[in-house]
Number of protein chains: 2
Amino acid sequence: MSTQSVVTAIKVIETISLHQPIGLSDIAKQLDSSKATVLRMLNTLKELNWVAQSESRDAAWSLTIHAYAVTARASIGANIRDVAIGPMNGLQLDTQETVHLCVPDGDALVVVERLDTPHVLRAFLALGTQVPLHASATGLAFLAASTDAYVHEILGGSLEKVSDQTKTQPNSVWQLIKESRERGYSINEEGLSSGITSVGAAIVGSAGTPVGCVSISGPSSRIVAAKFEDYGTAVARTAREISDLLGQPWVRAVIATLSE
Amino acid sequence: MSTQSVVTAIKVIETISLHQPIGLSDIAKQLDSSKATVLRMLNTLKELNWVAQSESRDAAWSLTIHAYAVTARASIGANIRDVAIGPMNGLQLDTQETVHLCVPDGDALVVVERLDTPHVLRAFLALGTQVPLHASATGLAFLAASTDAYVHEILGGSLEKVSDQTKTQPNSVWQLIKESRERGYSINEEGLSSGITSVGAAIVGSAGTPVGCVSISGPSSRIVAAKFEDYGTAVARTAREISDLLGQPWVRAVIATLSE
DNA sequence: CGGGAATGGTTCATTCAGTGAACCGACGGT
DNA sequence: ACCGTCGGTTCACTGAATGAACCATTCCCG
């Protein structure tokens, strides 16, 4: 059904997004589409200023800042992002570690905001990065705040081994989730990336369902077991603050004023 | 020519982006297109998970996080963003004010990164915000680093009055640009928003052309004239650091390691 | 060297996907 | 009860989207 030329156009965009500077033939190959079709899409998108090709000999294509700006200024995440930035800042000052804000996109989380640590040795994820639910502090916190039905749906799927220490056994992950529920915050020791430990907590909407997560991340040499409780309570408090703010409509107006 | 169904699809996306939650008829009206066509686009984009409609009675449409994630993880800005984050952090620590990173999109700048101040009273722009060249510290810095030909092209266009204090006379703006060139940094006193003063400097690429800008912003009560020079030299130094880093290819690899 | 297999890009006949006017049912205000 | 609006649907027409076959380059490897 429905407008397959638009479908291929969007798929072209998503393919470029995943493979950064990429050539015409490669895109056509990935989409199982003819080069002619793909090229017409690219030219149209170029006219619209959504893609550009490098002027070097390979003529590879990439997305433009314009495409980013269009999607960045809208999107549901904008609201939670603006509301969350205050409490996140406090958390960053308290812990001096990198703070991440993630929101769900399909069966994964996406990083939509980040505050950095002043430390030279640091951990951070680029904005827009996809984070798996089973292999991150934010993901575990999100699952801990989700229904058992959803958790088991995720655990029943394929649990990708992201780092050496990623737990890929449903039982092991389930154990981490149970612990997170008891504690009120989640801990992920090097499951997303070797050498990085994170502590996270879920932000819940008015309906009680999780709408996002915050976490702090740093090298395992600094985020040691002795600090888990301090960091965990701080993260959980921050998540609760954001949750509370989301429930109060007037916040939107105040933030709007400050950001003008 | 070229694939006008894709053109309308993208225009639908851009229209939604500008008007946040918006109804079917409004979109059709803005695009001078039939509701049937627009609705088919919306349904296609919905299947692709780029737009969603509120489940409330008005059934308004908005962009999804997925759309944001797709464009955020790619885009030219990603490189400069990752490179800039280090020096920006230093600047934030030194000045304790909000730090913005902007890159050009057409004849405007777009905010692609921000580091917040710990102060309660603060100034910030949402990521993805369009910033006019003539009415912002970043824009003035960008123009100061641009060719006279380009500056006059911009000054010859319409200079929108963004705030009460926005300078809309080409001569006045030209004066600000000249001062910025002499100083090495730009100052914008409440031209973008009443009560907010910013200091900015341009990041230049290997070809010597400006590729972006950094700035610090805060309430005019804190960013006072006596501090302009200190802040200005700090901002200029940061911009130079980023410029230098951009010239050194190896940095890319280091950042990639840290961000994993 | 020199051929072969990539690459980016073009052409063109076939056909099917995209188009908008007219339409429907449901709200919401007067 | 009316009118105007909303979101969404129907349908006949047609021109826009498609991919196989086609260049012109470049680059690699024997």
Side-chain angles (χ1 to χ4, degrees), chain A residues 1-64 67 70 74-76, chain B residues 1-64 66-67 70 74-76 249:
Chain A
M1 60 181 288
S2 61
T3 46
Q4 94 289 53
S5 87
V6 172
V7 172
T8 59
I10 296 290
K11 283 188 177 170
V12 164
I13 292 174
E14 305 213 341
T15 303
I16 296 177
S17 160
L18 286 174
H19 301 87
Q20 269 297 55
I22 181 176
L24 169 63
S25 297
D26 283 345
I27 301 176
K29 221 171 288 172
Q30 294 232 4
L31 299 183
D32 245 331
S33 199
S34 74
K35 283 192 294 178
T37 302
V38 171
L39 185 61
R40 278 170 65 263
M41 295 307 164
L42 287 170
N43 280 326
T44 318
L45 292 170
K46 184 183 180 178
E47 276 174 37
L48 293 163
N49 199 17
W50 271 60
V51 304
Q53 57 182 329
S54 71
E55 58 282 342
S56 64
R57 201 55 60 87
D58 61 354
W61 299 83
S62 24
L63 296 184
T64 63
V70 167
S75 86
I76 304 163
Chain B
M1 60 178 291
S2 60
T3 43
Q4 94 286 54
S5 88
V6 172
V7 172
T8 59
I10 296 290
K11 284 188 178 168
V12 164
I13 292 174
E14 304 213 342
T15 304
I16 296 177
S17 160
L18 286 174
H19 302 88
Q20 269 297 46
I22 183 174
L24 169 63
S25 298
D26 284 345
I27 301 175
K29 221 170 287 171
Q30 295 233 4
L31 298 185
D32 245 333
S33 201
S34 73
K35 284 193 294 177
T37 302
V38 171
L39 186 61
R40 279 169 65 263
M41 295 306 162
L42 287 170
N43 280 326
T44 312
L45 292 171
K46 184 182 180 181
E47 276 175 36
L48 293 163
N49 199 18
W50 271 59
V51 304
Q53 58 183 330
S54 72
E55 58 284 341
S56 65
R57 199 56 60 87
D58 63 352
W61 299 82
S62 25
L63 295 185
T64 62
H66 178 73
V70 167
S75 87
I76 304 163

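Naming: A, B, ... by sequence-line order, numbering from 1 per chain.
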Novice: Could you grab the distance from atom CD of B:Q30 to atom CD1 of B:I22, nearest 0.5 Å is fine?
Specialist: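 So the CD of B:Q30 and the CD1 of B:I22 are separated by 5.0 Å.
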
Novice: Would one find a side-chain N or O of A:Q4 under 4.0 angstrom from OP1 or OP2 of C:dC16?
Specialist: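 Answer is no, no contact under 4.0 Å.
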
Novice: Just compare C:dT19, D:dT18, C:dG20 and give me whichever is closest to any side-chain atom of A:T37.
Specialist: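 Per side-chain heavy atoms of A:T37, the pick is D:dT18.
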
Novice: At what distance, to the nearest 0.5 angstrom, does CG of B:N49 lie from CG of B:L63?
Specialist: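 Reported to 0.5 Å precision, the distance equals 11.0 Å.
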
Novice: Could you tell me the separation between the CG atom of A:D32 and the P atom of D:dT18, rounded to a whole number of Å?
Specialist: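 After rounding, the gap between these two atoms is 14 Å.
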
Novice: Using whole Å, what does the distance between atom P of nucleotide D:dA16 and atom CE of B:M41 come to?
Specialist: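 Computing the B:M41:CE to D:dA16:P distance gives 13 Å.
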
Novice: Could you measure the distance from the OG atom of B:S25 to the CG atom of B:L39? Nearest 0.5 Å is fine.
Specialist: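 B:S25 OG to B:L39 CG: 10.0 Å, rounded to 0.5 Å.
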
Novice: Taking only N/O atoms, report every protein-nucleotides 3-9 of chain D pair under 3.5 Å with atom names and distance.
Specialist:
{"residue": "D:dC6", "atom": "OP1", "partner": "B:K29", "partner atom": "NZ", "Å": "3.4"}
{"residue": "D:dG7", "atom": "OP1", "partner": "B:L24", "partner atom": "N", "Å": "2.9"}
{"residue": "D:dG7", "atom": "OP2", "partner": "B:S25", "partner atom": "N", "Å": "2.8"}
{"residue": "D:dG7", "atom": "OP2", "partner": "B:S25", "partner atom": "OG", "Å": "2.4"}
{"residue": "D:dG7", "atom": "N7", "partner": "B:K35", "partner atom": "NZ", "Å": "3.2"}
{"residue": "D:dG7", "atom": "O6", "partner": "B:K35", "partner atom": "NZ", "Å": "3.4"}
{"residue": "D:dG8", "atom": "OP1", "partner": "B:Q53", "partner atom": "OE1", "Å": "3.4"}
{"residue": "D:dG8", "atom": "O6", "partner": "B:K35", "partner atom": "NZ", "Å": "2.9"}

Novice: Would you compute the distance between atom CG of A:L31 and atom CD of A:E14 and round it to the nearest 0.5 angstrom?
Specialist: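 Answer for the CG-CD pair, A:L31 versus A:E14, is 10.0 Å.
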
Novice: Side chains of A:L24 and A:V38: does their closest heavy-atom pair fall under 4.5 Å?
Specialist: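 Side-chain contact under 4.5 Å: yes.
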
Novice: For residues B:V6 and A:W50, determine if any side-chain heavy atom of one lies less than 4.5 Å from a side-chain heavy atom of the other.
Specialist: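 A side-chain contact is absent here, since even the closest heavy-atom pair is not under 4.5 Å.
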
Novice: Estimate the overall bend of the helix from C:dC1-D:dG30 to C:dT30-D:dA1 from the end axes over five pairs each, rounded to 10 degrees.
Specialist: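 Helix axis angle between the two ends: 40°.
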
Novice: What distance do B:I16 atom CD1 and B:T64 atom OG1 have between them, rounded to the nearest 0.5 Å?
Specialist: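 Output value for this atom pair is 10.0 Å.
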
Novice: Between B:S5 and A:S5, is the side-chain hydrogen bond (donor to acceptor under 3.5 Å, both in side chains) condition met? List the steps.
Specialist: CA-CA 7 Å; B:S5 88; A:S5 87; 2.5 Å; yes

Novice: Which whole-number value in Å describes the distance from B:K11 NZ to C:dT19 P?
Specialist: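 After rounding, the reported distance stands at 12 Å.
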
Novice: Can you identify which nucleotide, out of C:dG20, C:dG18, D:dA17, has its nearest atom closest to the B:S33 side chain?
Specialist: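 Out of C:dG20, C:dG18, D:dA17, the nucleotide with an atom closest to B:S33's side chain is C:dG20.
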
